[in-house]
Amino acid sequence: MPDDLGRPAGLPTRRPSPAPLLPAVPRDDPDGPRTADFEGLSIRWDPRVLEPRPWTAAQSTWAAKIAEQAPYGPLLELCSGAGHIGLLAALLSRRELVQVDADPVACDYARTNAEAAGIVTDVRCGDLREAVRGERYPVVVADPPWVPTQDVGTFPADPVTAIDGGPEGMDLALACLDVAAEVLLPGGSVVIQVGGVHHLPALNGHDAVLGGRLVFAEAREFERGLLAHLTAAG
């Protein structure tokens with residue numbers, strides 16, 4: 001049943017937290033904040049979080065396109081980092097947004113970037129599952145780390161916690177599918193980013209896929225990664 005504001009039961013009612021003030025640093029500080037253009041969004045970040053990759057705008061636009069036919073409600077972004085992918089998807093789809101990440105620094109940047117863009121978001125810092133337990137969403141965008149632990153040294157400019165996906169690179173990706181299977185509304189969708197076609201067997205072998213709760217729909221390969229679209233049964 002809808003609540004007093006007409007929202008379906010189970011959708012979040014929390015409003016975004018005030019954006020924190022990031023510390024001022026000298027302009028020539030190599031570890032200080034910097035700005036990236038992400039399809040017209042000005043995204044603040046520093047080397048403690050993953051630098052926005054231009055190609056990942058494809059994930060935003062795909063999620064926004066899916067949202068055109070999705071049930072009512074805000075988008076959910078898991079492993080949001082500085083927030084750019086979810087923010088662009090929210091802007092394009094004209095939906096509100098909930099973002100979850102375990103890194104407090106990333107969460108601070110997501111709030112700051114949302115405020116600068118004038119986008120309504122509720123950033124939650126903590127465990128992916130606990131942050132959204134009991135809630136339902138029409139579209140989930142997941143941007144988990146997907147580099148195998150033994151290969152993180154190949155990317156010295158990237159913070160380890162932002163790219164380390166465990167022994168096979170899929171620990172966080174599979175955790176995101178766990179959450180998506182729990183929170184997606186019937187007919188909802190998850191668009192998840194992984195490293196390439198070599199990760200598809202792990203996605204298709206997830207319990208929610210094998211059990212029919214999530215159905216693989218499509219994969220799109222890019223030079224630096226792969227996006228997979230799965231839908232919720234119902």
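This chain uses plain numbering: 1 for the first residue, then up along the sequence.
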Quiz item: Given V100 and V132, is the side-chain contact (heavy atoms from CB on, under 4.5 Å) satisfied, shown in steps?
Solution: CA-CA 9 Å; V100 182; V132 294; 4.1 Å; yes

Are [X] and [Y] side-chain neighbours, meaning at least one heavy-atom pair lies under 4.5 Å?
{"X": "R48", "Y": "P159", "answer": "no"}
{"X": "D103", "Y": "V49", "answer": "yes"}
{"X": "V209", "Y": "V215", "answer": "no"}
{"X": "L227", "Y": "F222", "answer": "yes"}
{"X": "R136", "Y": "L184", "answer": "no"}
{"X": "L75", "Y": "E96", "answer": "no"}

Quiz item: Does the pair V183 and E135 meet the rule for a side-chain contact (heavy atoms from CB on, under 4.5 Å), with working shown?
Solution: CA-CA 6 Å; V183 305; E135 297 174 353; 5.6 Å; no

Exercise. Apply side-chain contact (heavy atoms from CB on, under 4.5 Å) to the pair V141 and L76, showing each step before the final yes or no.
Key: CA-CA 6 Å; V141 180; L76 170 63; over 6 Å; no

Quiz item: Can you pull the salt bridge (charged side-chain N to carboxylate O under 4.0 Å, His left out) pairs that have at least one residue in residues 61-82, sequence neighbours excluded?
Solution: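 For residues 61-82: K65-E68.
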
Quiz item: Under 3.5 Å, is there a donor-acceptor pair linking the side chains of W146 and Q193?
Solution: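 Distance-only check passes for W146 and Q193.
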
Quiz prompt | Pair D122-Q99, side-chain donor/acceptor within less than 3.5 Å | solution =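 No.
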
Which residues satisfy the side chain to side chain donor-acceptor pair (under 3.5 Å) test with [X], sequence neighbours excluded?
{"X": "S60", "result": "none"}
{"X": "E221", "result": "none"}
{"X": "E39", "result": "none"}

Where do [X] and [Y] come nearest, in terms of heavy atoms and distance?
{"X": "N113", "Y": "S42", "result": "OD1-O, 3.8 Å"}
{"X": "L185", "Y": "P138", "result": "CD1-N, 3.9 Å"}
{"X": "L88", "Y": "A57", "result": "CD2-CB, 3.9 Å"}

Tell me, please, which residues at least two apart from [X] pass side-chain contact (heavy atoms from CB on, under 4.5 Å).
{"X": "A173", "value": "P144, M170, I192, V194"}
{"X": "F155", "value": "V147, D158, I163"}
{"X": "T149", "value": "D164, P167"}
{"X": "A233", "value": "none"}

Practice problem: Go through the structure and list residues passing salt bridge (charged side-chain N to carboxylate O under 4.0 Å, His left out) with E182, not counting sequence neighbours. | Solution: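 Once residues adjacent in sequence are excluded, the partners of E182 under the salt bridge (charged side-chain N to carboxylate O under 4.0 Å, His left out) criterion are R129.
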
Quiz prompt | Any pair counted as side chain to side chain donor-acceptor pair (under 3.5 Å), so long as it reaches residues 225-234, sequence neighbours left out | solution =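 The answer is S189-H229.
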
Quiz prompt | Residue pairs involving residues 205-218 (criterion side chain to side chain donor-acceptor pair (under 3.5 Å); sequence neighbours excluded) | solution =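 Residue pairs passing side chain to side chain donor-acceptor pair (under 3.5 Å), neighbours aside: D178-H206, E218-R220.
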
Practice problem: Step through the shown structure and confirm whether more than 12 heavy atoms of other residues, nucleotides or ligands are within 6.0 Å of CD on E130. | Solution: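 Correct, the count exceeds 12.
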
Could you give the side-chain donor-acceptor pairs of residues 197-204 under 3.5 Å, partners two or more places apart or in another chain?
residue : atom : partner : partner atom : Å
H199    : ND1  : G195    : N            : 3.0
N204    : ND2  : L200    : O            : 3.4

Exercise. For the pair F38 and T56, evaluate side-chain contact (heavy atoms from CB on, under 4.5 Å) and give the outcome as yes or no after the intermediate values.
Key: CA-CA 9 Å; F38 191 70; T56 60; 3.5 Å; yes

Quiz item: Are V105 and L50 joined in one hydrophobic group, where the rule is that I, L, V, M, F, W and Y side chains link up if heavy atoms are under 4.5 Å apart?
Solution: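 No, V105 does not connect to L50 through the hydrophobic network.
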
Practice problem: Indicate if V140 and F216 have the same hydrophobic cluster label, given that clusters are the connected sets of ILVMFWY residues with side-chain heavy-atom separations under 4.5 angstrom. | Solution: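 Yes, V140 connects to F216 through the hydrophobic network.
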
Quiz item: Using the benzene-type ring in the case of Trp, are the ring centres of W45 and Y109 under 6.0 Å apart?
Solution: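 No - the distance between ring centres of W45 and Y109 does not fall below the 6.0 Å cut-off.
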
